[in-house]
2 protein chains.
Amino acid sequence: MATARRVGSATSETRAAILAATEQLLVESGYASVSSRSVAAAAGINPGLVHYYFPTLDDLFVAVFRRGAEKNLDRMARALASPTPFQALWRTSADPRGGALFFELMAAANHRPALRAEVAELAERARRLQIEALRELLPQYGVDGGLFPPEFVAAAIQGIALSLGREEALAMATEHRAAAAAMENLLDHLEQRRHAAPPRRAQGPEARS
Amino acid sequence: MATARRVGSATSETRAAILAATEQLLVESGYASVSSRSVAAAAGINPGLVHYYFPTLDDLFVAVFRRGAEKNLDRMARALASPTPFQALWRTSADPRGGALFFELMAAANHRPALRAEVAELAERARRLQIEALRELLPQYGVDGGLFPPEFVAAAIQGIALSLGREEALAMATEHRAAAAAMENLLDHLEQRRHAAPPRRAQGPEARS
DNA sequence: GTCTATATTGAGATAGAC
DNA sequence: GTCTATCTCAATATAGAC
C-alpha cells in the first residue's frame, strides 16, 4: 500500500531542506502553491533536484505528511501517558501551527489518492491509540461511559480543537477567547475530579453504581 | 470590503451553470482543479465566457461561497427556531455534502485574501446567531452555563460535526459509527431533559436573581 | 548529487469578431 | 452574450552534462 519511492539517502540534508520548504509553503500559501519550482526556490536549490528526490509531487506530499505524522503520534502517546492526560491531549490537538497544515493536507488528500491512503492509515492508528487510552482513563475521571464513550470523546477533543483553531485563524477574537477559556476551565475541572476520586477500573457503557 | 464584481444579470442561467460546475469541481477534485478551462468544460461553455461573468478566479470563488453561505444561514436560523433546536442544529452542521466543500473552501481561503475576508465575515455572523440563540436555550436544557458557555457549545457542535465528517470521508467505519451514535444519543438525552423541565430564564456565568 | 536545458501541457487573462 | 484567438507565464517531468 503505502510504498512511496525514496531516492537518495534518507538522511540527506538536501532532502530535509526540501521537506521543510514544502511544509512552509503548504502553511503559508496552500497546497496549490507547491511545485517543483516553488519548493526549489524556497529551499535554495534547482527545480530538477526536487524531482530527483521526489519523482512525483505525490511522493513529496506523502513524505511531508509522514514526517509530521511520526512526530504527532509520538507527542500524542506521551500526552496520553502524562499525569494530566486530558490537558496534555488537548494541548497537542490544539497546536495552532498544525491547524493550517491540517486543512491543507485534508484538502489535498481529497484528490490525491496516494496521500489520502496515507492520511487514512494514520488517522486510524491515532484514533485507536486514543480510544484505548480513553477506555482506561474516562472511568477515572468519573465520566459517564454510556453517554460519552471513548470514540465520542476522542472525536470531540479533536473536533473542538479544529473548530477553535479555525476561529483563531479567521481572527474571530471574542468568540474564540471565550470558547478556548471554557475548554481550559472544563479540563481543569476534569483533572481535579480525577485526582480527587480514587482510581477505578474501566467499565463499559452499561449502567454503573 | 466584500464587493465582488458582478457582470451579467444575477439570474443568468449561464451564471448559475458556472457556479454549479465550480462547486462540483471543488468537491470532486479540489480547489486547485478549478480553472476557467475546467469550469467551462464542466459547464459546457467556452473558457472565455467564465471570465466574462467572473473577471478573476477570486470573484468566482467568492460567488460560490456566497451562494452556499446564504443557504446555510437560512437553514441554521430555521434550526435554531425549531422545537428541537439542538438536534436540528446538529443535523445542519453534520450535513456530509458540506464537509468536503468546507475543507476546500477553508484551505482555499488560506491563500486567497478576498475569499478569506468573505469566510470570516460569514463565520462571525453565523457564530453570533448561534450564540444568541444558545444563550436563551442552554438554561432551558439545564446546561451549566459556567462550565459550558454558549461560545463553547457553538464551537463544540461545529467541531464535532467536522471531526465526524472527516472520519466518514476517510472511511473510519467503526470509530465513526460509535461516535455518531453517541452524539445522537446525547442529543436525545438533552432534548428530553428540556421538555421534562419547566422553561427557565437565560442566565450568564455569574449568579443572577 | 547537482545542475542546465527542454519537451509538453495547461494556466489566467484580454481583445475583438459575431 | 458567446465565441475564437492569442499573449504571457508557469507547471510536471525527463534527459543528460558535469
Side-chain angles (χ1 to χ4, degrees), chain A residues 4-22 24-26 28-65 104 107-109 111-115, chain B residues 4-22 24-26 28-65 104 107-116:
Chain A
R5 286 168 278 177
R6 167 143 58 204
V7 184
S9 80
T11 58
S12 156
E13 264 183 42
T14 305
R15 190 188 165 81
I18 292 173
L19 291 175
T22 305
Q24 187 194 354
L25 274 170
L26 272 174
E28 290 172 8
S29 319
Y31 71 76
S33 81
V34 172
S35 70
S36 36
R37 283 167 154 78
S38 64
V39 167
I45 56 169
N46 194 275
L49 197 48
V50 174
H51 285 288
Y52 170 75
Y53 281 96
F54 305 98
T56 73
L57 277 193
D58 266 344
D59 296 319
L60 178 55
F61 275 104
V62 167
V64 166
F65 174 74
E104 289 298 334
H111 56 97
R112 285 188 179 270
L115 180 58
Chain B
R5 285 167 279 177
R6 167 140 60 204
V7 184
S9 79
T11 57
S12 155
E13 266 183 39
T14 304
R15 190 188 165 82
I18 292 174
L19 291 175
T22 305
Q24 188 194 353
L25 273 171
L26 272 174
E28 290 173 7
S29 318
Y31 71 78
S33 80
V34 172
S35 69
S36 37
R37 286 165 155 82
S38 66
V39 168
I45 58 169
N46 194 277
L49 198 49
V50 175
H51 284 289
Y52 170 74
Y53 281 97
F54 306 97
T56 73
L57 277 194
D58 267 344
D59 296 319
L60 177 56
F61 274 104
V62 167
V64 167
F65 175 75
E104 288 298 333
N110 268 344
H111 57 99
R112 284 186 180 271
L115 179 58
R116 183 203 185 87

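Here is the naming used below: chain letters follow the sequence lines, and residue numbers restart at 1 for every chain.
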Within-4.5 Å side-chain heavy-atom neighbours: A:Phe61 and A:Leu26: yes
field: Rounded distance in Å - OH (B:Tyr31) to P (C:dA11)
entry: 16 Å
- request: Return the value, rounded to whole Å, for the distance between atom CG of B:Leu60 and atom P of C:dG12.
  value: 10 Å
message: Does the protein touch nucleotides 8-15 of chain D at the base, only the backbone, or not at all? Give it as B, S and - per nucleotide, heavy atoms under 4.0 Å.
response: ---BBBB-
message: If I take atom CD1 in residue B:Ile45 and atom P in nucleotide D:dT4, what distance separates them, rounded to the nearest angstrom?
response: 12 Å
statement: Whole-Å distance, A:Asn46 CG to C:dT2 C1', equals 7 Å
task: Any chance you could measure A:Ser12, atom OG, to A:Tyr52, atom OH, to the nearest 0.5 Å?
output: 8.5 Å
field: Single hit among A:Leu57, A:Val50, A:Leu60 for side chain to side chain contact (heavy atoms under 4.5 Å, CB included) with A:Thr22
entry: A:Leu60
field: Aromatic ring proximity A:His111/B:Tyr31, centre distance under 6.0 Å
entry: no
field: Pairwise side chain to side chain donor-acceptor pair (under 3.5 Å) hits with a residue in residues 37-50 of chain A, at least two apart
entry: A:Ser35-A:Ser38
message: Output the rounded distance in Å from CD1 (B:Ile18) to C1' (C:dG12).
response: 15 Å
- request: Specify the separation, in whole Å, of atom CG of B:Leu49 and atom P of C:dA17.
  value: 18 Å
query: Stepwise, does the side-chain contact (heavy atoms from CB on, under 4.5 Å) test hold for B:Val64 with B:Val34?
result: CA-CA 12 Å; B:Val64 167; B:Val34 172; over 6 Å; no
